[in-house]
Amino acid sequence: MKLGYPCINRGIGCTANSTFRLASYSEERLIQKVENNLDCLFQILQYNVQNGFYFFRISSDLVPFASHPVCTVDWASHFRGQFRKIGEFIQEHNIRISMHPDQFVVINAQKDDVVERSVKELEYHCTVLDEMALNSTAKIQIHVGGVYGDKRSAINRFVERYSSLSKSLKSRLVIENDDRSYSLKDCLSVHQKIGIPILFDAFHHQCLNNGETLRQGLQHSGTTWKKSDGIPMIDYSSQQRGQRSGSHAKTLNIALFKKFLLETKGLDFDLMLEIKDKEASAFKALKILRKHQNGKESM
DNA sequence: AGTTGTCAAGCTAGT
DNA sequence: ACTAGCTTGACAACT
């Protein structure tokens with residue numbers, strides 16, 4: 001099992017998701033930001049390897065405005081060297097990589113312009129991973145999208161639009177069960193139609209499910225990953241007390257995490273910790289995980 | 001230097 | 001009608 005945290009490192013003093021306002025867009029500004037973000041991404045990955053974190057989610061803000069019409073810079077060519085260097089480091093150290101485009105990506109939307117922007121945004125994510133020369137185990141995770149009062153049609157739209165995406169994009173795209181609209185069961189019905197792997201979000205499953213236990217959910221979603229997709233990825237979080245249902249914990253709840261490890265014993269997956277304090281919780285989780293695994297091995 | 005309104009984009013549910 | 005939340009606050013104008 002590889003363990004990781006998303007997008008931001010709070011300790012090393014640089015960010016790989018630095019952006020700026022559209023109103024102050026210029027080519028120079030863009031290039032300066034991307035250069036900074038790539039530099040920092042490399043630093044974060046080095047830090048992660050030193051500390052035992054072999055799973056990382058790259059921020060969607062790595063290249064600000066990449067899919068916006070204002071951006072006419074050929075950033076992929078311009079930064080090819082840096083992308084390759086990072087990609088080589090990732091492969092050399094066997095780091096697992098994911099990306100998670102934000103909520104504006106809705107490929108089953110009813111409006112054509114929303115779909116068009118969504119596809120462009122997905123292509124941007126795909127280009128980043130392609131430029132790093134990563135194989136199809138590097139994934140782009142999205143939700144199925146909106147429901148619009150008719151889930152069946154909404155799923156059919158997803159299936160239809162998926163089929164028209166590029167080959168590279170299709171090989172990287174995975175769907176994640178969400179906490180309000182598309183449960184694991186819904187995702188499985190999409191999977192049955194097009195074979196897309198399901199990234200199991202354990203916390204979302206707790207919020208929205210059809211009676212499957214955590215272990216059953218994990219096992220079932222795990223079967224949707226082919227060899228070329230790599231080890232199944234999953235998202236983990238827990239409820240922040242006092243916040244509304246679905247909001248992520250500020251820091252890792254140790255008791256709940258231990259319980260999670262016991263319930264999922266023997267299953268293999270790469271674990272993304274969606275916890276607000278990032279690597280601080282990842283350190284705690286790694287310590288618990290190692291103890292847990294040693295305990296198992298010593299039997 | 002510190003504070004604060006605002007930021008490309010969508011959808012859902014709660015108020 | 002408006003807002004919080006989503007994977008994540010950070011930018012940038014103003015005091």
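Residue numbers start from 1 in every chain, and the chains themselves are labelled A, B, ... in the order their sequence lines are given, proteins ahead of strands.
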For [X] and [N], give me the distance from atom [atom1] to atom [atom2], rounded to whole Å.
| X | N | atom1 | atom2 | value |
| --- | --- | --- | --- | --- |
| A:Lys111 | B:dC11 | NZ | C1' | 10 Å |
| A:Asp112 | B:dG10 | CG | P | 14 Å |
| A:Tyr148 | B:dA13 | OH | P | 13 Å |
| A:Leu271 | C:dT7 | CG | C1' | 15 Å |
| A:Gln141 | C:dT7 | CD | C1' | 8 Å |
| A:Met272 | C:dC6 | CE | P | 16 Å |
| A:Arg180 | C:dT3 | CZ | C1' | 13 Å |
| A:Asp179 | C:dG5 | CG | C1' | 9 Å |

Interatomic distance at [atom1], [N] relative to [M], whole Å:
| N | M | atom1 | value |
| --- | --- | --- | --- |
| B:dA9 | C:dT3 | P | 15 Å |
| C:dC11 | B:dG10 | C1' | 23 Å |
| B:dG2 | C:dC6 | C1' | 29 Å |
| C:dA4 | C:dG9 | P | 16 Å |
| C:dC2 | B:dC7 | P | 16 Å |

Practice task
Could you point out which residue of A:Leu122, A:Leu129, A:Asn135 forms a side chain to side chain contact (heavy atoms under 4.5 Å, CB included) with A:Arg172?
Solution key: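 Going through A:Leu122, A:Leu129, A:Asn135 one by one, the side chain to side chain contact (heavy atoms under 4.5 Å, CB included) with A:Arg172 is satisfied by A:Leu129 alone.
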Have a look at [X] and say if it touches a base, only the backbone sugar-phosphate, or nothing, with a 4.0 Å heavy-atom cut-off.
| X | value |
| --- | --- |
| A:Pro101 | base |
| A:Glu274 | sugar-phosphate |
| A:Phe65 | base |
| A:Val147 | sugar-phosphate |

Practice task
Would you check if A:Phe104 stacks with the base of B:dG10, given a 5.5 Å centroid limit and a 30° plane limit, both strict?
Solution key: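 By the stated criterion, A:Phe104 and B:dG10 do not stack.
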Handout entry: Stepwise salt bridge (Lys or Arg N to Asp or Glu O under 4.0 Å) test for A:Arg57 and A:Glu274
Key = CA-CA 10 Å; A:Arg57 181 182 296 165; A:Glu274 292 185 331; 3.0 Å; yes
Exercise for the section: Determine the interplanar angle of the A:His204 and A:His143 rings, folded into 0 to 90°, and report it as parallel if under 30°, tilted if 30 to 60°, perpendicular if over 60°. Expected result: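 Rings of A:His204 and A:His143: tilted, 30 to 60°.
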Handout entry: Ring centres under 6.0 angstrom apart (A:Trp225, A:Phe269)
Key = no
Exercise for the section: Take A:Glu116 and A:Lys120, measure what salt bridge (Lys or Arg N to Asp or Glu O under 4.0 Å) needs, and give me the verdict at the end. Expected result: CA-CA 6 Å; A:Glu116 199 180 315; A:Lys120 282 207 169 76; 3.6 Å; yes
Exercise for the section: Please determine if A:Lys33 forms a cation-pi arrangement with A:Phe20, meaning its NZ or CZ atom is less than 6.0 Å from the six-membered ring centre and no more than 45° off the ring axis. Expected result: no
Exercise for the section: For DNA chain B, determine which residues of residues 116-128 of chain A have any heavy atom closer than 4.0 angstrom to one of its atoms, and list them numerically. Expected result: A:Arg117, A:Glu121
Handout entry: Separation of A:Phe83 CZ from A:Leu38 CG (nearest 0.5 Å)
Key =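 So the CG of A:Leu38 and the CZ of A:Phe83 are separated by 5.0 Å.
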Quick check: do [X] and [Y] have side-chain heavy atoms less than 4.5 Å from each other?
| X | Y | result |
| --- | --- | --- |
| A:Phe257 | A:Ile254 | no |
| A:Gln46 | A:Phe89 | yes |
| A:Phe55 | A:Met233 | yes |

Problem - Below 4.0 Å: OP1/OP2 of C:dT7 and any side-chain N or O of A:His143 - result: yes
Exercise for the section: Using only side-chain N and O atoms of A:His204, determine if any of them is under 4.0 Å from OP1 or OP2 of C:dG5. Expected result: no
Problem - Closest to the A:His68 side chain, choosing from B:dA13, B:dA8, C:dT7 - result: B:dA8
Problem - Side chain of A:Ser181 - closest among C:dT8, B:dA8, B:dT12 - result: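 In terms of side-chain proximity for A:Ser181, the closest of C:dT8, B:dA8, B:dT12 is B:dT12.
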Exercise for the section: Would you indicate whether A:His220, at its atom NE2, is surrounded by more than 12 heavy atoms from other residues, nucleotides or ligands within a distance under 6.0 Å? Expected result: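 Not more than 12 within 6.0 Å, no.
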Practice task
Answer yes or no: is there a donor N or O on one side and an acceptor on the other, between the side chain of A:His93 and the main chain of A:Ile95, under 3.5 Å?
Solution key: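 No; zero donor-acceptor contacts below 3.5 Å.
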Completion exercise
With both pairing distances under 3.5 angstrom for Watson-Crick or G-U wobble, and | for a partner in another strand, the correct string for DNA chain B is |||||||..||||||
Fill in the blank from the handout: Counting primed atoms, P, OP1 and OP2 as sugar-phosphate and everything else as base, the B/S/- map of nucleotides 9-15 of chain C against protein heavy atoms under 4.0 Å is SBBS---
Problem - A:Ser18 and A:Asp61: CA distance, side-chain angles, deciding distance, side chain to side chain contact (heavy atoms under 4.5 Å, CB included) verdict - result: CA-CA 7 Å; A:Ser18 178; A:Asp61 286 329; over 6 Å; no
